[in-house]
Amino acid sequence: MGERAINDNYHRIPVVTPERVYEPESYYVILEGTDQGTPADETVRLRGLSVDRSSVIIKMGGKLLLENEESLARDFTIVDDSGIITKEFTVAPKQSASYNFMRTGNYTFLDNKSPTGKIYVKVLAACTIYPLRGPTLRIEMPTLLPGTYTIKIFYAFKQVFQEDFTMVGDSVLAVNYRIINREVFRDDSTTFTGGRVMPMSTGGDSTQQTIEPSTAGSSRKR
């Protein structure tokens with residue numbers, strides 16, 4: 001056919017930039033040993049007859065916000081871990097509704113119209129919870145009093161990492177974690193002796209501890 005152009009429209013395939021897709025569920029960093037900070041609220045979006053994620057960990061006193069993106073109402077029944085119905089409510093089309101958790105336990109939000117629209121919620125107390133979702137993966141922790149603490153990292157309800165540490169007076173803990181293929185790896189950047197975090201010279205303010213997942217190399221897959 002030489003240089004003659006094809007103009008039968010058959011080979012005209014439109015190409016668009018695909019939407020960026022994040023993990024279907026959230027990672028959570030849970031710090032046990034302290035109960036500081038305001039409980040973080042969580043959001044689940046209702047799309048079609050399903051949900052954008054089905055597992056949520058939240059601190060007692062926090063609330064779950066359901067955002068209905070569709071033009072049909074969604075009816076839910078909330079059941080606690082003993083099987084007792086605690087509440088029934090409707091999320092109107094293109095509207096939002098929230099539920100506050102005033103006690104610990106496991107809750108299931110049952111969609112009355114679609115069996116696939118379940119939302120599982122685990123409510124904890126006496127800890128600090130940091131949700132990790134989207135591109136923001138840096139955590140600024142408050143000043144911790146001397147004592148023993150535990151860091152746990154969850155993917156949905158599955159615990160994928162745990163580390164115990166002890167804070168002593170005037171000490172600083174700076175740690176990087178990498179999450180690769182839902183496994184957690186630690187880049188050791190702190191001097192440890194006998195399981196204690198030893199004082200470090202920072203040349204500045206040492207009132208905050210930082211957990212900052214690395215942004216280099218394969219860590220971008222986290």
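Below, each value reflects all heavy atoms present in this structure, side chains not excepted, and no hydrogens, waters or symmetry copies. Every value quoted in this text rests on a predicted model; they were computed, and no experiment measured them. FYI, the numbering just counts along the sequence from 1.
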Listed by chain and number, what are the side chain to side chain contact (heavy atoms under 4.5 Å, CB included) partners of [X], not counting sequence neighbours?
| X | answer |
| --- | --- |
| D80 | S82, I84, T86, R103, Y107 |
| A40 | P131 |
| A97 | F89, V91 |

- [ ] Test S54 against E25 for side-chain contact (heavy atoms from CB on, under 4.5 Å), laying out the working first.
- [x] CA-CA 7 Å; S54 58; E25 300 294 341; 3.1 Å; yes
TODO: Quick one: list whatever passes side-chain hydrogen bond (donor to acceptor under 3.5 Å, both in side chains) with T34, sequence neighbours left out.
DONE: Q36
Open item on the list: Taking side-chain hydrogen bond (donor to acceptor under 3.5 Å, both in side chains) as the definition, give me every residue that meets it alongside S98, ordered by chain and number, with sequence neighbours left out.
Closed with: none
Do [X] and [Y] have side-chain heavy atoms sitting under 4.5 Å apart?
| X | Y | answer |
| --- | --- | --- |
| F76 | L46 | yes |
| V121 | I78 | no |
| Q162 | D164 | yes |
| T108 | I119 | no |
| R178 | V184 | no |
| F161 | Y177 | yes |
| L124 | I30 | yes |
| V56 | F101 | no |

From [X] [atom1] over to [Y] [atom2], what is the distance, rounded to the nearest 0.5 angstrom?
| X | Y | atom1 | atom2 | result |
| --- | --- | --- | --- | --- |
| L110 | I85 | CG | CD1 | 8.5 Å |
| L144 | M167 | CG | CE | 5.5 Å |
| F157 | S55 | CZ | OG | 4.5 Å |

Open item on the list: Hydrophobic clustering (ILVMFWY, side-chain heavy atoms < 4.5 Å, transitive) - are V123 and Y130 grouped together?
Closed with: no
Open item on the list: In this structure, would I129 and V29 fall into the same cluster of hydrophobic residues linked by side-chain contacts under 4.5 Å?
Closed with: no
TODO: Can you sort out the partners of K113 under salt bridge (charged side-chain N to carboxylate O under 4.0 Å, His left out), two or more places apart, ordered by chain and number?
DONE: D75
Task: Partners meeting salt bridge (charged side-chain N to carboxylate O under 4.0 Å, His left out) with K122 (sequence neighbours left out) - done: none
Locate the shortest heavy-atom distance separating [X] from [Y]; write the atom from each residue and the value.
| X | Y | value |
| --- | --- | --- |
| E42 | I58 | N-CD1, 4.2 Å |
| Y27 | R182 | OH-CG, 3.1 Å |
| M60 | P39 | O-CG, 3.6 Å |
| S96 | L65 | CB-CD1, 3.8 Å |
| A156 | I57 | O-CD1, 3.2 Å |

Pairs flagged by salt bridge (Lys or Arg N to Asp or Glu O under 4.0 Å) wherever [range] is involved - sequence neighbours left out:
| range | answer |
| --- | --- |
| residues 90-102 | none |
| residues 62-74 | R45-E67, R45-E69, R47-E69, R74-D111 |
| residues 28-41 | E32-K152, D35-K59 |

- [ ] Kindly determine whether N68 and L66 satisfy side-chain contact (heavy atoms from CB on, under 4.5 Å), including the steps that lead there.
- [x] CA-CA 6 Å; N68 190 356; L66 301 181; over 6 Å; no
TODO: Verify the ring-centre separation between Y28 and F154: is it less than 6.0 angstrom?
DONE: no
- [ ] Could you list who else is in M102's hydrophobic cluster, with ILVMFWY side chains joined at under 4.5 Å, directly or through other members?
- [x] none
Task: Those residues that, when tested against F109, pass ring pair (Phe, Tyr, Trp, His ring centres under 6.0 Å) (two or more places apart) - done: Y99
